[in-house]
Amino acid sequence: MSAPLLSPVKLGRYTLPNRIVMAPLTRNRTVTDNIPNALMALHYEQRASAGLIVSEATQVSPQGLGYPNTPGIHSPEQIEGWKLITNAVHAKGGKIFLQLWHVGRISHPDLQPNGDLPVAPSAIAPEGEVATYTGMKPYVTPRALELEEIPQIIEQYRIGAKNALEAGFDGVEIHSANGYLLDQFLQDNSNHRTDIYGGSVENRARLLLEVTEAVVSVWGSDRVGVRLSPSGIFNSMYDSNRAVTFGYAVKELNRFNLAYLHLVAPRVEGFGSPEDQPDLGADFFRPIFNGTIITAGGYTFETGNAAIASGNADLVAFGRLYIANPDLVERFAVGASLNKPDRNTFYGGDEKGYTDYPTLQAS
Ligand code: PHB
């Protein structure tokens, strides 16, 4: 069987040995001040045979934090911590991009500087509960950002991008998916603004495009990717016309000549898909985006190869399979069976379920 996943591919300025991407995965393993540590370095090092690793979502500022023990990229100590990881991955011949994150309203005063309200495009609370340091609490109604504050948000991403460069990453991915800040601006159920950042699709996509411009100013276009989840309903997301909203955003992203567009595929378990509109997968965006496409969401070796063979995607990202199989590339290559991920150890904790999944060689 021919296996396109195992063939090399060009991605921005890099040539990768395979098309298997380790998806960004929140694991909540920092211990002190959201600083990446040696345990995390071992976790990423074990997975360095991926064509590309995208780091777990990493907040660009204290305001961008929404979960306990996720790493940041805003303090000197965090930059030093990330160097442990970039050095470990590079020593194994791997490539790693940092995912730049601001959660917007998916936070809580308990997690915010000075106990402030989380910020968002509009004062609209998501449904559900948030994990704080003292247990689950209902989401609060966020504070709508003032127009005058938007440049500071863009600056947070620019500084995060600059810090990622200093930390030795190979590139950065802008997290504009899964109901976090940039997605909240894009979609019309979370953005009711009446200024130049709300209303028309041009206005709702403005922040994403301005952030992309700022990040590209640091990294150059060929080391920057953008992640979108055009069909997800996770974090209370909805848009009245996703095809138009995301079609426009992707068309405009063409002007940057990015390293890649990373799509979370429809109908991913836990991320959902609206029933009233057609799914928007890589097949929808292929004719719109003039560049490399990574698709993610519940793929197997077989369906991943098929996605590339169909011509709709160039690389495939694997999340849950990468949690449990550090040597996923090698296992795919020889058709080996896969370890099963244990959901109980996904978020938080120690090395258990994090760095102790055996390789084929070890087991
Ligand atoms: C999560 O922590 O649940 C999480 C983080 C980032 C995502 C999606 C989910 O993009």
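Owing to the predicted nature of the structure, the values given are computational and were not obtained by experimental measurement. Counting starts at 1 for both ligands and their atoms, following the listed order.
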Do [X] and [Y] have a side chain donor and acceptor closer than 3.5 Å?
{"X": "His90", "Y": "Asp170", "value": "yes"}
{"X": "Asp279", "Y": "Ser231", "value": "no"}
{"X": "Thr245", "Y": "Arg204", "value": "yes"}

With heavy atoms of [X] as the reference, note each atom of ligand 1 found under 4.0 Å away.
{"X": "Asn178", "answer": "7 (C), 8 (C), 10 (O)"}
{"X": "His175", "answer": "6 (C), 7 (C), 10 (O)"}
{"X": "Phe234", "answer": "8 (C), 9 (C)"}

For the residue pair Ser229 and Gln187, what are the closest heavy atoms and their distance?
O-NE2, 4.5 Å
Out of Tyr180, Trp101, Phe271, Tyr347, who is nearest to atom 4 (C) of ligand 1 when you count heavy atoms only?
Tyr180
Nearest-neighbour protein heavy atom for atom 2 (O) of ligand 1, which is reported as residue plus atom name and distance:
Thr26 CG2, 3.2 Å
Report the nearest protein non-hydrogen atom to atom 3 (O) of ligand 1: residue, atom name, distance rounded to 0.1 Å.
Tyr67 OH, 3.8 Å
Taking everything shown except Lys340 itself, do over 12 heavy atoms lie less than 6.0 Å from its NZ?
no
